[in-house]
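Read the structure below first, then the notes.
The figures here come from the full heavy-atom set of this structure, side chains too, leaving out hydrogens, waters and symmetry mates. Within every chain, numbering begins at 1; the chains are lettered A, B, ... in the order of the sequence lines, protein sequences first and strands thereafter.
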Amino acid sequence: MASSSWLLMRRSRALIHHKNFSFYSLFSSSSCSSSSPLLKKPHAQSAGYSNNYSSAHHHFRFLRRFESTKAEAAQLELQHYVTDDDDNNRAIDFPGGKVAFTSEMRFISEASQKRVPCYRVLDDNGMAMKYSNYVQISKEMAVKMYSDMVTLQTMDSIFYEVQRQGRISFYLTSIGEEAVNIGSAAALSSDDIILPQYREPGVLLWRGFTLQQFVDQLFGNKSDLGKGRQMPIHYGSNKHNYFTVSSPIATQLPQAVGAAYSLKMDGKSACAVTYFGDGSTSEGDFHAGLNFAAVMDAPVIFICRNNGWAISTPVEEQFRSDGVVVKGQAYGIWSIRVDGNDALAVYSAVHTAREIAIKEKRPVLIEALTYRVGHHSTSDDSTKYRPIDEIEYWKMERNPVNRFKRWVERNGWWNDSNESELRSSLRKQLMQAIQVAEKAQKPPLEDMFNDVYDRLPSNLEEQERVLREIVKKHPEDYPSDVPL
Amino acid sequence: MAALFQAPTAFSSSNSLDSNKFNHSPSPRSLSERKSSILTVRSDARSNPLLNSAAHKPHRFITNAVATKPDTSLASTSSKPGHELLLFEALREGLEEEMERDPRVCVMGEDVGHYGGSYKVTKGLATKFGDLRVLDTPIAENSFTGMGIGAAMTGLRPIIEGMNMGFLLLAFNQISNNCGMLHYTSGGQFKIPVVIRGPGGVGRQLGAEHSQRLESYFQSIPGIQMVACSTPYNAKGLMKAAIRSENPVILFEHVLLYNLKDRIPDEEYVLSLEEAEMVRPGEHVTILTYSRMRYHVMQAAKTLVNKGYDPEVIDIRSLKPFDLHTIGKSVKKTHRVLIVEECMRTGGIGASLTAAITENFNDDLDAPIVCLSSQDVPTPYAGTLEEWTVVQPAQIVTAVEQLCQ
């Protein structure tokens with residue numbers, strides 16, 4: 001089932017390519033024939049640099065991302081590269097291969113006429129659209145996906161409140177991105193190595209990290225796998241193949257290439273999957289990571305959660321390209337743009353991408369368009385830089401959890417009593433877990449010094465001894481819940 | 001982190017074997033020709049005749065400490081144990097042995113594959129081990145360092161080569177925030193056994209950007225170890241130790257020392273990463289140095305001996321952590337310390353070492369510690385100026401004379 005959808009997509013790739021060509025030729029009246037269109041047809045051609053620049057520039061800078069671009073499209077008449085038969089015979093050799101040449105001086109416009117379309121399966125009401133092709137999922141899978149999305153949602157709202165109450169120091173939510181989290185996680189195998197940014201706890205949840213384990217990390221108690229060393233949200237679990245979250249942005253991208261390289265050397269049927277936001281695509285590591293993955297034929301899936309905001313920086317101020325998907329081709333990587341709030345679309349795309357990555361040993365880029373409903377973190381108040389009704393709109397009308405719920409319900413796999421049961425059970429479990437975590441002891445003092453190296457070196461031993469002496473002398477100045 | 005210690009008895013029995021296999025050209029010996037016993041040697045010159053001979057060999061280093069010409073003693077070395085090679089070949093030998101021993105060891109960097117590396121340390125390895133284990137990367141230091149870290153977290157043991165140490169400044173983020181930290185922040189779940197190596201130090205008119213001394217910048221990073229090699233013998237031993245270590249290790253090589261020729265044992269040996277090397281025992285003053293400055297110090301030592309002084313020269317080798325045991329023993333004996341380094345005055349290894357010795361051995365000092373370092377200037381391109389930015393033997397002699405008044 002799955003492989004046939006892959007084949008379907010492969011065949012349709014060629015189709016899409018041709019469609020683009022014909023589309024361009026519709027708009028430019030001298031598609032295949034004339035040799036100097038610039039001079040002959042002034043009204044139709046906009047091959048001149050200034051024309052393209054101002055209109056396309058205007059188009060992307062001042063329009064809201066999600067509005068339709070059809071009004072502007074008619075005005076943009078980009079002269080696409082068309083190779084005549086003559087040109088094919090006149091090719092020249094350069095390092096990097098043969099390239100046809102042309103006597104027309106034409107600059108490639110900074111953006112295509114049309115934005116890359118977005119793959120989606122379900123409409124806003126959770127109905128599978130006609131002629132949509134997607135990877136089928138079973139009832140068990142669908143129910144688990146939906147339950148985990150609800151769990152993630154509930155976890156986020158409760159933990160956010162816990163931070164507000166001052167019981168934990170920090171938190172950041174993934175509200176609005178549940179479909180990206182769970183949809184992608186469900187399409188992967190447990191052997192695939194995950195290198196997260198920090199807004200993907202859903203992937204860890206899917207793999208079996210318990211609520212108690214999540215809470216233990218938030219409280220930094222002695223049961224935390226990280227031994228209380230990192231700030232909340234920086235989960236990591238070797239057992240679940242989920243690399244520990246590291247705060248600097250985009251550093252995980254080249255690391256993903258390394259992990260994939262390691263899988264390739266071992267001949268494993270698995271890939272590395274790394275997540276990052278729209279803001280990360282500005283970092284040097286993004287560009288080098290994609291380039292490396294392409295050059296090294298590394299089986300990596302790069303999943304960009306384009307949620308529109310990097311703290312207070314909107315995407316219009318982050319890059320000028322048509323989002324992130326167009327950057328893939330620049331590095332020689334297969335890419336797709338997906339409706340990140342459509343769990344089925346995310347699932348299908350990641351499922352297929354995984355097959356491509358593993359069978360063909362190559363990277364794939366997925367841009368999941370979504371929206372960051374919550375604030376960047378508990379240290380941020382996003383109402384300061386974006387309108388409240390925008391946030392409300394995405395929270396209610398474009399809610400990915402509700403959308404998927406309607407599809408699951410329509411299939412007869414979920415009903416209201418399941419819903420209330422799940423939500424109340426979750427609340428209870430979470431409250432219970434929080435109580436347990438809060439009361440638990442913190443990691444002992446020795447955990448401050450070990451694991452810096454594989455064994456405790458003498459200088460750290462000395463420093464620990466000195467610290468213990470000081471604590472012994474002045475116990476009132478040191479926290480009482482840290483066992484010595 | 002502990003090393004194995006064995007009495008160096010294996011040498012005497014290997015003489016007869018080696019005389020048949022001796023050849024004049026400094027090419028690496030094949031592994032099959034060598035004995036398989038591991039020999040790990042303590043760097044105590046008194047008990048090990050081999051180390052003594054290596055240390056006292058008359059290197060003709062003047063103010064330009066670079067490659068020796070093959071001297072006339074070559075003809076008479078057919079009866080000596082071991083084999084001769086250049087420092088970069090010693091590094092390669094160590095690397096090759098480790099890659100054969102453990103299939104998880106791999107190399108990544110710019111031009112390390114078929115080009116063999118900018119200083120030929122990886123020459124021939126790509127042909128032998130394949131393109132996947134000796135990986136050529138695009139030019140993005142932060143990224144291939146990150147790649148090495150990701151590979152290490154997944155079970156490989158990468159050696160990351162910076163074409164010049166200075167370029168690793170671009171990898172600072174990955175080295176500091178990830179390499180040094182992830183073992184700790186993951187609660188010990190993920191380990192990062194990488195080796196980051198490359199040529200550094202002031203060369204011969206390479207320009208300011210290619211004459212960086214990165215040990216100063218990296219020394220505070222928790223979680224990493226730093227070692228500097230200075231002879232073919234310790235280059236190979238440290239390379240092997242670094243690869244076998246479970247911690248991330250930065251191995252500092254020096255651009256001008258790659259063509260040093262010396263004789264190293266045929267037997268396998270691994271040195272300790274945390275140990276200093278006694279180069280010349282003495283009584284009057286302890287001179288602590290590392291990397292290329294070792295040779296300037298030894299040059300100055302000759303002059304000092306002629307003037308009647310008896311300096312004790314220690315190549316500290318381990319830049320993080322310092323081998324305070326060996327250093328302390330020496331300080332307690334001589335009561336005077338001179339540090340000779342190539343780092344800049346401010347914030348260099350010498351600065352940290354001065355602090356460490358003062359804190360720990362203040363009572364044993366008869367005079368304040370003197371530290372000779374490069375000036376706080378970018379390395380000038382002009383040859384004469386470059387020469388004077390680096391500590392010269394004449395300065396070392398003067399400093400010792402003043403210290404011992």
Inset, instruction - Not counting sequence neighbours, list each pair that qualifies as a salt bridge (charged side-chain N to carboxylate O under 4.0 Å, His left out) and has a residue in residues 456-469 of chain A. - result: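 Qualifying pairs: Glu462(A)-Arg465(A), Glu464(A)-Arg468(A), Arg465(A)-Glu469(A).
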Legend entry - Note, Ile357(B) side chain near Ile327(B) side chain (heavy atom, < 4.5 Å): yes
Legend entry - Note, Lys268(A) side chain near Asp191(A) side chain (heavy atom, < 4.5 Å):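 The answer is no; the side chains never approach within 4.5 Å.
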Inset, instruction - State whether Arg354(A) and Asp192(A) are salt-bridged, where the test is any N-O pair (Lys NZ or Arg NE/NH1/NH2 against Asp/Glu carboxylate O) under 4.0 Å. - result: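 Judged by the 4.0 Å cut-off on N to carboxylate O distance, Arg354(A) and Asp192(A) do form a salt bridge.
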So, [X] and [Y]: side-chain donor and acceptor under 3.5 Å apart, yes or no?
X: Ser377(A); Y: Tyr198(A); answer: no
X: Thr286(B); Y: Ser330(B); answer: yes
X: Tyr331(A); Y: His287(A); answer: yes
X: Gln219(B); Y: Ser352(B); answer: yes

For [X], is it the side chain, the backbone, both or neither that has a heavy atom under 4.5 Å from a heavy atom of chain B?
X: Asp224(A); answer: neither
X: Met448(A); answer: both
X: Leu225(A); answer: both
X: Asn450(A); answer: backbone

Donor-acceptor pair, [X] side chain versus [Y] backbone, under 3.5 Å?
X: Ser318(B); Y: Leu273(B); answer: yes
X: Lys361(A); Y: Ile358(A); answer: yes
X: Thr122(B); Y: Leu125(B); answer: no

Tell me, for [X] versus chain A, whether the close heavy atoms (under 4.5 Å) come from the side chain, the backbone, both or neither.
X: Met181(B); value: neither
X: Leu324(B); value: neither
X: Leu132(B); value: both

Legend entry - Among Pro193(B), Gly155(B), Gly223(B), Cys106(B), residue most engaged with chain A (heavy-atom pairs, under 4.5 Å): Gly223(B)
Inset, instruction - Return the option, out of Lys191(B), Met153(B), Glu246(B), with the maximum number of heavy-atom pairs under 4.5 Å with chain A. - result: Met153(B)
Inset, instruction - Please report the C-alpha distance between Cys343(B) and Tyr290(B) in whole Å, then the side-chain angles of each, then the deciding distance to 0.1 Å, and finally whether the side-chain contact (heavy atoms from CB on, under 4.5 Å) criterion is met. - result: CA-CA 10 Å; Cys343(B) 281; Tyr290(B) 67 96; 3.2 Å; yes
For residues 242-250 of chain A, which side-chain donor-acceptor pairs fall under 3.5 Å, sequence neighbours excluded?
| from | atom 1 | to | atom 2 | distance (Å) |
| --- | --- | --- | --- | --- |
| Tyr242(A) | OH | Glu200(A) | O | 2.9 |
| Ser246(A) | OG | Asn178(B) | OD1 | 2.7 |
| Ser247(A) | OG | His234(A) | NE2 | 2.8 |

Legend entry - Contacts of residues 163-174 of chain B with chain A (heavy atom under 4.5 Å):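 Result: Asn173(B), Gln174(B).
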Legend entry - Proximity of residues 136-152 of chain B to chain A, residues having a non-hydrogen atom under 4.5 angstrom: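 Checking residues 136-152 of chain B against chain A gives Asp136(B), Thr137(B), Pro138(B), Ala140(B), Asn142(B), Ser143(B), Phe144(B), Gly146(B), Met147(B), Ile149(B), Gly150(B), Ala151(B).
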Inset, instruction - For each of Val257(A), Asn241(A), Thr251(A), Val295(A), tally heavy-atom pairs with chain B at distances under 4.5 Å, and name the one with the top tally. - result: Thr251(A)
Legend entry - Aromatic ring pairing Phe218(B)/Phe252(B), orientation class (parallel under 30°, perpendicular over 60°, tilted between): tilted
